[in-house]
There are 2 protein chains.
Amino acid sequence: MTELSAQRRYAEDAAVVLSGLGLPPAYGKLLGWLLVCDPPWQTSSQLAEGLGLSKGSVSTGMRLLETSGLARRVPVPGHRGHAYEVRPDAIIRIAADATKFRAFRELMEHGLAVVGGEDAPGTERLRVMRDFYAFIEREVPKLVERFEAEYTGKGDGDG
Amino acid sequence: MTELSAQRRYAEDAAVVLSGLGLPPAYGKLLGWLLVCDPPWQTSSQLAEGLGLSKGSVSTGMRLLETSGLARRVPVPGHRGHAYEVRPDAIIRIAADATKFRAFRELMEHGLAVVGGEDAPGTERLRVMRDFYAFIEREVPKLVERFEAEYTGKGDGDG
DNA sequence: CCAAACGTTCAAGAAGTTCTGAACCAAGAG
DNA sequence: CTCTTGGTTCAGAACTTCTTGAACGTTTGG
(Lines give C-alpha, C1' and ligand atoms only; values in the text may rest on other atoms or scores of the structure.)
Protein backbone atom coordinates (compact mmCIF):
# COMPACT_ATOMS: atom_id res chain seq x y z
CA MET A 1 0.00 0.00 0.00
CA THR A 2 1.47 3.31 -1.05
CA GLU A 3 1.43 6.15 1.45
CA LEU A 4 -0.95 8.88 0.38
CA SER A 5 -0.80 12.38 1.79
CA ALA A 6 -3.94 13.74 3.39
CA GLN A 7 -4.28 16.14 0.46
CA ARG A 8 -3.98 13.37 -2.02
CA ARG A 9 -6.56 11.30 -0.24
CA TYR A 10 -8.84 14.29 -0.19
CA ALA A 11 -8.43 14.64 -3.93
CA GLU A 12 -9.54 11.04 -4.34
CA ASP A 13 -12.57 11.65 -2.15
CA ALA A 14 -13.52 14.68 -4.19
CA ALA A 15 -13.18 12.58 -7.34
CA VAL A 16 -15.69 10.09 -5.99
CA VAL A 17 -18.23 12.79 -5.19
CA LEU A 18 -17.80 14.54 -8.51
CA SER A 19 -17.96 11.28 -10.44
CA GLY A 20 -21.42 10.92 -8.98
CA LEU A 21 -22.37 13.93 -11.04
CA GLY A 22 -21.10 12.31 -14.20
CA LEU A 23 -17.84 14.22 -14.31
CA PRO A 24 -14.49 12.63 -15.16
CA PRO A 25 -12.47 11.42 -12.19
CA ALA A 26 -9.48 13.53 -13.19
CA TYR A 27 -11.64 16.63 -12.95
CA GLY A 28 -12.62 15.82 -9.39
CA LYS A 29 -9.07 15.00 -8.39
CA LEU A 30 -7.78 18.29 -9.71
CA LEU A 31 -10.50 20.24 -7.96
CA GLY A 32 -10.03 18.40 -4.68
CA TRP A 33 -6.30 18.94 -4.74
CA LEU A 34 -6.65 22.62 -5.57
CA LEU A 35 -9.04 23.03 -2.66
CA VAL A 36 -6.57 21.85 -0.04
CA CYS A 37 -3.12 22.37 -1.47
CA ASP A 38 -0.60 24.76 0.01
CA PRO A 39 0.06 27.18 -1.51
CA PRO A 40 -3.38 27.45 -3.10
CA TRP A 41 -1.90 27.84 -6.59
CA GLN A 42 -0.23 24.99 -8.43
CA THR A 43 1.52 24.60 -11.74
CA SER A 44 0.64 21.89 -14.23
CA SER A 45 3.72 19.88 -13.29
CA GLN A 46 2.91 20.12 -9.61
CA LEU A 47 -0.60 18.88 -10.30
CA ALA A 48 0.61 16.07 -12.53
CA GLU A 49 3.18 14.92 -10.02
CA GLY A 50 0.98 15.39 -6.99
CA LEU A 51 -1.94 13.48 -8.45
CA GLY A 52 -0.13 10.95 -10.60
CA LEU A 53 -1.79 12.20 -13.78
CA SER A 54 -0.27 12.71 -17.20
CA LYS A 55 0.42 16.18 -18.58
CA GLY A 56 -2.35 15.62 -21.06
CA SER A 57 -4.94 14.80 -18.42
CA VAL A 58 -3.97 17.83 -16.39
CA SER A 59 -4.22 20.06 -19.42
CA THR A 60 -7.64 18.74 -20.42
CA GLY A 61 -8.98 18.65 -16.90
CA MET A 62 -7.82 22.13 -16.06
CA ARG A 63 -9.37 23.56 -19.17
CA LEU A 64 -12.65 22.04 -18.07
CA LEU A 65 -12.25 23.58 -14.61
CA GLU A 66 -11.41 26.90 -16.17
CA THR A 67 -14.30 27.02 -18.59
CA SER A 68 -16.71 25.92 -15.92
CA GLY A 69 -15.55 28.91 -13.90
CA LEU A 70 -14.13 27.03 -10.93
CA ALA A 71 -10.45 27.72 -11.50
CA ARG A 72 -8.38 30.46 -13.04
CA ARG A 73 -4.81 30.99 -14.12
CA VAL A 74 -2.46 33.08 -12.06
CA PRO A 75 1.02 34.20 -13.07
CA VAL A 76 3.97 32.80 -11.17
CA PRO A 77 6.84 35.26 -10.66
CA GLY A 78 9.98 33.20 -11.14
CA HIS A 79 8.39 30.63 -13.44
CA ARG A 80 7.71 30.07 -17.08
CA GLY A 81 4.00 29.75 -17.79
CA HIS A 82 1.29 29.96 -15.15
CA ALA A 83 -0.31 28.27 -12.16
CA TYR A 84 -3.93 27.51 -11.37
CA GLU A 85 -6.02 28.28 -8.35
CA VAL A 86 -9.62 27.83 -7.31
CA ARG A 87 -11.55 31.08 -7.51
CA PRO A 88 -12.75 31.97 -4.02
CA ASP A 89 -16.09 33.03 -5.46
CA ALA A 90 -16.28 30.04 -7.80
CA ILE A 91 -19.34 28.44 -6.34
CA ILE A 92 -21.27 31.68 -6.38
CA ARG A 93 -20.50 32.38 -10.00
CA ILE A 94 -21.56 28.89 -10.98
CA ALA A 95 -24.69 28.72 -8.86
CA ALA A 96 -25.92 32.09 -10.05
CA ASP A 97 -25.87 30.88 -13.64
CA ALA A 98 -29.43 29.69 -14.14
CA THR A 99 -28.99 28.56 -17.74
CA LYS A 100 -28.68 24.98 -16.46
CA PHE A 101 -32.39 25.05 -15.72
CA ARG A 102 -33.31 26.58 -19.02
CA ALA A 103 -32.57 23.34 -20.85
CA PHE A 104 -35.08 21.55 -18.66
CA ARG A 105 -37.73 24.20 -18.91
CA GLU A 106 -37.36 24.13 -22.67
CA LEU A 107 -37.59 20.36 -22.71
CA MET A 108 -40.91 20.59 -20.88
CA GLU A 109 -42.18 23.29 -23.19
CA HIS A 110 -41.22 21.17 -26.14
CA GLY A 111 -43.08 18.31 -24.52
CA LEU A 112 -46.21 20.38 -24.21
CA ALA A 113 -45.98 21.18 -27.90
CA VAL A 114 -45.68 17.48 -28.70
CA VAL A 115 -48.77 16.50 -26.72
CA GLY A 116 -50.82 19.22 -28.32
CA GLY A 117 -50.46 22.28 -26.13
CA GLU A 118 -51.17 23.71 -22.72
CA ASP A 119 -54.79 22.62 -22.66
CA ALA A 120 -54.56 19.09 -23.92
CA PRO A 121 -55.82 16.54 -21.40
CA GLY A 122 -53.38 14.62 -19.22
CA THR A 123 -50.63 17.19 -19.36
CA GLU A 124 -50.44 18.02 -15.70
CA ARG A 125 -47.09 16.34 -15.26
CA LEU A 126 -45.58 18.46 -18.02
CA ARG A 127 -47.11 21.70 -16.86
CA VAL A 128 -46.00 21.23 -13.28
CA MET A 129 -42.46 20.55 -14.37
CA ARG A 130 -42.39 23.43 -16.79
CA ASP A 131 -43.69 25.82 -14.17
CA PHE A 132 -41.34 24.47 -11.56
CA TYR A 133 -38.27 24.97 -13.70
CA ALA A 134 -39.42 28.43 -14.66
CA PHE A 135 -39.79 29.21 -10.98
CA ILE A 136 -36.33 27.89 -10.16
CA GLU A 137 -34.82 29.75 -13.06
CA ARG A 138 -36.28 32.96 -11.69
CA GLU A 139 -35.57 32.37 -8.02
CA VAL A 140 -32.12 30.87 -7.93
CA PRO A 141 -30.29 34.05 -8.92
CA LYS A 142 -32.18 35.87 -6.18
CA LEU A 143 -31.25 33.21 -3.68
CA VAL A 144 -27.58 33.52 -4.57
CA GLU A 145 -27.77 37.27 -4.24
CA ARG A 146 -29.22 36.85 -0.80
CA PHE A 147 -26.34 34.59 0.15
CA GLU A 148 -23.84 37.11 -1.06
CA ALA A 149 -25.51 39.92 0.85
CA GLU A 150 -25.76 37.98 4.09
CA TYR A 151 -22.30 36.55 3.74
CA THR A 152 -20.32 39.66 3.00
CA GLY A 153 -22.31 41.39 5.70
CA LYS A 154 -21.38 38.86 8.37
CA GLY A 155 -17.65 38.11 8.27
CA ASP A 156 -15.57 39.57 5.48
CA GLY A 157 -12.12 38.85 4.14
CA ASP A 158 -9.78 36.00 4.74
CA GLY A 159 -7.05 35.90 7.40
CA MET B 1 -34.28 6.59 -42.40
CA THR B 2 -36.99 5.10 -40.24
CA GLU B 3 -40.03 7.20 -39.48
CA LEU B 4 -40.07 8.25 -35.86
CA SER B 5 -43.21 9.42 -34.11
CA ALA B 6 -43.14 12.81 -32.43
CA GLN B 7 -43.27 11.06 -29.07
CA ARG B 8 -40.38 8.86 -29.95
CA ARG B 9 -38.33 11.80 -31.11
CA TYR B 10 -39.14 13.57 -27.91
CA ALA B 11 -37.90 10.59 -25.93
CA GLU B 12 -34.62 10.81 -27.79
CA ASP B 13 -34.34 14.51 -27.04
CA ALA B 14 -34.95 13.85 -23.38
CA ALA B 15 -32.26 11.19 -23.44
CA VAL B 16 -29.76 13.71 -24.73
CA VAL B 17 -30.57 16.21 -21.99
CA LEU B 18 -30.50 13.60 -19.24
CA SER B 19 -27.27 12.09 -20.54
CA GLY B 20 -25.74 15.49 -19.93
CA LEU B 21 -26.32 14.85 -16.25
CA GLY B 22 -24.49 11.57 -16.42
CA LEU B 23 -27.56 9.39 -16.54
CA PRO B 24 -27.98 6.37 -18.83
CA PRO B 25 -29.65 7.09 -22.17
CA ALA B 26 -32.31 4.47 -21.55
CA TYR B 27 -33.34 6.32 -18.41
CA GLY B 28 -33.86 9.54 -20.34
CA LYS B 29 -35.74 7.80 -23.12
CA LEU B 30 -38.14 6.18 -20.71
CA LEU B 31 -38.76 9.42 -18.89
CA GLY B 32 -39.25 11.38 -22.08
CA TRP B 33 -41.70 8.84 -23.44
CA LEU B 34 -43.66 8.72 -20.20
CA LEU B 35 -43.93 12.50 -20.23
CA VAL B 36 -45.68 12.66 -23.58
CA CYS B 37 -47.35 9.29 -24.11
CA ASP B 38 -51.08 8.83 -24.35
CA PRO B 39 -52.41 7.42 -22.15
CA PRO B 40 -49.94 8.63 -19.52
CA TRP B 41 -49.44 5.10 -18.18
CA GLN B 42 -47.59 2.44 -20.09
CA THR B 43 -46.79 -1.20 -19.52
CA SER B 44 -43.29 -2.62 -19.82
CA SER B 45 -44.07 -4.12 -23.21
CA GLN B 46 -45.46 -0.86 -24.50
CA LEU B 47 -42.32 0.92 -23.37
CA ALA B 48 -40.05 -1.73 -24.85
CA GLU B 49 -41.85 -1.70 -28.17
CA GLY B 50 -42.31 2.05 -28.31
CA LEU B 51 -38.69 2.82 -27.57
CA GLY B 52 -36.96 -0.14 -29.17
CA LEU B 53 -35.46 -1.27 -25.89
CA SER B 54 -35.10 -4.78 -24.52
CA LYS B 55 -37.26 -6.01 -21.68
CA GLY B 56 -34.18 -6.00 -19.49
CA SER B 57 -33.36 -2.38 -20.17
CA VAL B 58 -36.91 -1.32 -19.47
CA SER B 59 -36.94 -3.23 -16.21
CA THR B 60 -33.64 -1.75 -15.04
CA GLY B 61 -34.41 1.74 -16.26
CA MET B 62 -37.85 1.81 -14.71
CA ARG B 63 -36.54 0.67 -11.38
CA LEU B 64 -34.15 3.61 -11.47
CA LEU B 65 -37.00 5.98 -12.29
CA GLU B 66 -39.05 4.48 -9.51
CA THR B 67 -36.38 4.68 -6.83
CA SER B 68 -35.50 8.22 -7.84
CA GLY B 69 -39.13 9.09 -7.25
CA LEU B 70 -40.02 10.17 -10.77
CA ALA B 71 -42.30 7.30 -11.73
CA ARG B 72 -44.64 4.94 -9.95
CA ARG B 73 -46.53 1.76 -10.71
CA VAL B 74 -50.21 1.84 -11.35
CA PRO B 75 -52.51 -1.16 -11.66
CA VAL B 76 -54.09 -1.85 -15.02
CA PRO B 77 -57.67 -3.20 -14.85
CA GLY B 78 -57.81 -5.87 -17.54
CA HIS B 79 -54.13 -6.64 -17.47
CA ARG B 80 -51.74 -8.91 -15.66
CA GLY B 81 -49.02 -6.95 -13.89
CA HIS B 82 -48.75 -3.18 -13.79
CA ALA B 83 -48.08 -0.03 -15.78
CA TYR B 84 -45.89 2.97 -15.05
CA GLU B 85 -46.61 6.64 -15.01
CA VAL B 86 -44.76 9.81 -14.16
CA ARG B 87 -45.78 11.17 -10.79
CA PRO B 88 -47.33 14.59 -11.33
CA ASP B 89 -45.53 15.89 -8.26
CA ALA B 90 -42.29 14.12 -9.17
CA ILE B 91 -40.15 17.15 -9.60
CA ILE B 92 -41.27 18.67 -6.32
CA ARG B 93 -40.49 15.55 -4.36
CA ILE B 94 -37.06 15.33 -5.88
CA ALA B 95 -36.18 19.00 -5.59
CA ALA B 96 -37.23 19.20 -1.98
CA ASP B 97 -34.75 16.51 -1.06
CA ALA B 98 -31.73 18.52 0.03
CA THR B 99 -29.51 15.56 0.83
CA LYS B 100 -27.83 16.05 -2.53
CA PHE B 101 -26.18 19.14 -1.15
CA ARG B 102 -25.15 17.52 2.07
CA ALA B 103 -22.50 15.47 0.31
CA PHE B 104 -20.92 18.66 -0.94
CA ARG B 105 -21.11 20.47 2.35
CA GLU B 106 -19.50 17.52 4.02
CA LEU B 107 -16.78 17.40 1.41
CA MET B 108 -15.94 21.02 2.19
CA GLU B 109 -15.99 20.40 5.91
CA HIS B 110 -13.68 17.48 5.42
CA GLY B 111 -11.46 19.75 3.37
CA LEU B 112 -11.26 22.26 6.17
CA ALA B 113 -10.18 19.50 8.50
CA VAL B 114 -7.46 18.47 6.07
CA VAL B 115 -6.01 21.96 5.76
CA GLY B 116 -5.94 22.39 9.52
CA GLY B 117 -9.27 23.89 10.47
CA GLU B 118 -11.42 26.97 10.14
CA ASP B 119 -8.68 29.44 10.96
CA ALA B 120 -5.81 28.12 8.91
CA PRO B 121 -4.58 30.65 6.36
CA GLY B 122 -5.70 30.41 2.73
CA THR B 123 -8.92 28.59 3.43
CA GLU B 124 -11.31 31.19 2.11
CA ARG B 125 -12.26 29.06 -0.89
CA LEU B 126 -13.23 26.16 1.35
CA ARG B 127 -15.14 28.25 3.85
CA VAL B 128 -17.12 30.05 1.17
CA MET B 129 -18.11 26.77 -0.41
CA ARG B 130 -18.99 25.15 2.90
CA ASP B 131 -21.13 28.10 3.90
CA PHE B 132 -22.75 28.28 0.51
CA TYR B 133 -23.79 24.66 0.52
CA ALA B 134 -25.06 24.95 4.06
CA PHE B 135 -27.14 27.92 2.94
CA ILE B 136 -28.54 26.05 -0.05
CA GLU B 137 -29.29 23.01 2.06
CA ARG B 138 -31.33 25.22 4.37
CA GLU B 139 -33.03 27.35 1.76
CA VAL B 140 -33.97 24.92 -1.00
CA PRO B 141 -36.70 23.15 0.94
CA LYS B 142 -38.19 26.54 1.77
CA LEU B 143 -38.05 27.55 -1.86
CA VAL B 144 -39.88 24.41 -2.91
CA GLU B 145 -42.51 25.00 -0.27
CA ARG B 146 -43.02 28.46 -1.65
CA PHE B 147 -43.52 27.05 -5.11
CA GLU B 148 -46.09 24.61 -3.86
CA ALA B 149 -47.97 27.30 -1.99
CA GLU B 150 -48.01 29.71 -4.91
CA TYR B 151 -48.78 27.01 -7.40
CA THR B 152 -51.69 25.31 -5.73
CA GLY B 153 -53.01 28.73 -4.92
CA LYS B 154 -53.02 29.89 -8.51
CA GLY B 155 -54.53 27.25 -10.77
CA ASP B 156 -55.36 23.87 -9.34
CA GLY B 157 -56.15 20.52 -10.80
CA ASP B 158 -55.77 19.17 -14.29
CA GLY B 159 -58.42 19.32 -17.06
C1' DC C 1 19.79 31.85 -33.20
C1' DC C 2 19.66 27.80 -30.47
C1' DA C 3 18.21 25.18 -26.65
C1' DA C 4 15.23 24.05 -23.08
C1' DA C 5 10.95 24.27 -20.72
C1' DC C 6 6.16 24.35 -20.97
C1' DG C 7 1.80 23.49 -22.63
C1' DT C 8 -1.57 21.62 -26.02
C1' DT C 9 -3.51 18.34 -29.10
C1' DC C 10 -4.79 13.93 -30.72
C1' DA C 11 -4.60 8.98 -31.91
C1' DA C 12 -4.55 4.69 -29.70
C1' DG C 13 -5.29 1.88 -25.88
C1' DA C 14 -7.44 1.07 -21.32
C1' DA C 15 -11.22 1.25 -18.47
C1' DG C 16 -15.76 1.53 -17.40
C1' DT C 17 -20.63 1.62 -18.41
C1' DT C 18 -24.84 0.27 -20.71
C1' DC C 19 -27.62 -2.83 -23.29
C1' DT C 20 -29.17 -7.14 -24.67
C1' DG C 21 -30.93 -11.81 -24.56
C1' DA C 22 -31.56 -16.00 -22.40
C1' DA C 23 -32.60 -18.29 -18.20
C1' DC C 24 -35.38 -18.10 -14.43
C1' DC C 25 -39.31 -16.94 -11.18
C1' DA C 26 -44.09 -15.65 -10.04
C1' DA C 27 -48.94 -15.26 -10.73
C1' DG C 28 -53.28 -16.06 -12.80
C1' DA C 29 -56.38 -18.60 -16.26
C1' DG C 30 -58.26 -22.68 -17.86
C1' DC D 1 -52.15 -28.94 -12.08
C1' DT D 2 -50.35 -27.08 -16.14
C1' DC D 3 -49.82 -23.55 -19.40
C1' DT D 4 -49.24 -18.89 -20.59
C1' DT D 5 -47.98 -14.30 -19.75
C1' DG D 6 -45.37 -10.70 -17.48
C1' DG D 7 -41.30 -9.46 -15.07
C1' DT D 8 -36.58 -9.75 -13.13
C1' DT D 9 -31.77 -10.91 -13.07
C1' DC D 10 -27.26 -11.34 -14.78
C1' DA D 11 -23.30 -12.69 -17.79
C1' DG D 12 -21.35 -11.23 -21.80
C1' DA D 13 -21.25 -8.19 -25.96
C1' DA D 14 -21.24 -3.58 -27.65
C1' DC D 15 -20.38 0.80 -26.94
C1' DT D 16 -18.73 5.04 -24.96
C1' DT D 17 -15.64 7.69 -22.35
C1' DC D 18 -11.25 8.60 -20.14
C1' DT D 19 -6.37 8.56 -19.93
C1' DT D 20 -2.03 8.25 -21.67
C1' DG D 21 2.07 9.33 -24.29
C1' DA D 22 4.20 11.09 -28.19
C1' DA D 23 4.42 14.76 -31.54
C1' DC D 24 4.13 19.55 -32.19
C1' DG D 25 3.81 24.70 -31.33
C1' DT D 26 5.37 28.60 -28.48
C1' DT D 27 7.90 31.32 -25.50
C1' DT D 28 11.88 32.60 -22.72
C1' DG D 29 16.71 32.69 -21.55
C1' DG D 30 21.37 32.29 -22.90
Side-chain angles (χ1 to χ4, degrees), chain A residues 2 8 11-12 14-34 41-68 70-85, chain B residues 2 8 11-12 14-34 37 39 41-68 70-85:
Chain A
T2 52
R8 175 60 194 279
E12 298 298 328
V16 170
V17 173
L18 276 282
S19 290
L21 267 80
L23 294 161
Y27 181 94
K29 287 189 203 184
L30 288 163
L31 178 59
W33 181 268
L34 283 171
W41 49 87
Q42 301 273 296
T43 65
S44 292
S45 352
Q46 288 175 311
L47 291 166
E49 179 166 11
L51 292 165
L53 292 172
S54 69
K55 280 201 302 174
S57 292
V58 171
S59 181
T60 309
M62 285 313 303
R63 182 172 46 242
L64 194 54
L65 278 168
E66 258 187 296
T67 55
S68 65
L70 274 166
R72 70 179 162 200
R73 296 174 186 222
V74 289
V76 181
H79 187 270
R80 186 89 51 95
H82 53 263
Y84 294 99
E85 70 172 13
Chain B
T2 52
R8 176 61 195 279
E12 298 296 329
V16 170
V17 173
L18 276 281
S19 291
L21 268 80
L23 294 162
Y27 180 94
K29 287 188 201 185
L30 288 163
L31 178 60
W33 181 268
L34 283 170
C37 60
W41 50 86
Q42 300 274 295
T43 65
S44 292
S45 354
Q46 289 175 311
L47 290 166
E49 180 166 12
L51 291 165
L53 291 173
S54 69
K55 279 203 303 176
S57 293
V58 171
S59 181
T60 309
M62 285 314 302
R63 184 173 42 244
L64 194 54
L65 277 168
E66 258 187 296
T67 54
S68 65
L70 274 166
R72 69 178 164 203
R73 294 171 187 226
V74 289
V76 181
H79 188 266
R80 189 90 52 93
H82 53 263
Y84 295 99
E85 70 173 13

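Chain A is the first sequence line, chain B the second, and so forth, proteins listed ahead of strands; every chain is numbered from 1. This one's a predicted model, so the numbers in the text were calculated from it and none came from an experiment.
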Nearest-Å distance for atom pair [atom1]/[atom2], residues [X] and [N]:
| X | N | atom1 | atom2 | value |
| --- | --- | --- | --- | --- |
| A/Y84 | C/dC6 | OH | C1' | 11 Å |
| B/L51 | C/dC19 | CG | C1' | 14 Å |
| B/L30 | C/dT18 | CG | C1' | 13 Å |
| B/H82 | C/dA26 | NE2 | C1' | 13 Å |

For this session: Could you give me the CA-CA distance, side-chain angles and deciding distance for B/R8 and B/L51, then say whether side chain to side chain contact (heavy atoms under 4.5 Å, CB included) is met?
Result: CA-CA 7 Å; B/R8 176 61 195 279; B/L51 291 165; 4.1 Å; yes
Would you give the length of the straight line joining atom [atom1] of [X] to atom [atom2] of [Y], rounded to the nearest 0.5 angstrom?
| X | Y | atom1 | atom2 | value |
| --- | --- | --- | --- | --- |
| B/Q42 | B/Y84 | CD | OH | 12.5 Å |
| B/K29 | B/S19 | NZ | OG | 9.0 Å |
| A/L34 | A/L65 | CG | CG | 7.0 Å |
| A/L53 | A/S59 | CG | OG | 12.0 Å |
| B/L70 | B/M62 | CG | CE | 9.0 Å |

For this session: Could you tell me which residues satisfy side chain to side chain donor-acceptor pair (under 3.5 Å) with B/S68, sequence neighbours excluded, listed by chain and number?
Result: B/Y27
Exercise. Does B/T43 have any side chain to side chain donor-acceptor pair (under 3.5 Å) partners at least two apart in sequence or in another chain, and if so, which?
Worked result: B/Q46
Seminar exercise, completed: At a 4.0 Å cut-off to heavy atoms of chain A, the contacted part of DNA chain D spans D/dC18 to D/dT28
Problem set entry | Selection: residues 52-61 of chain B, any non-hydrogen atom under 4.0 Å of DNA chain D | B/K55, B/G56, B/S59
Exercise. In terms of side-chain geometry, is the basic nitrogen of A/E66 or A/R72 positioned less than 4.0 Å from the acidic oxygen of its partner?
Worked result: no
Exercise. Do any of residues 15-25 of chain B sit with a heavy atom less than 4.0 Å from DNA chain C, and if so which?
Worked result: B/P24, B/P25
Problem set entry | With sequence neighbours excluded, residues passing side-chain contact (heavy atoms from CB on, under 4.5 Å) with A/T60 | none
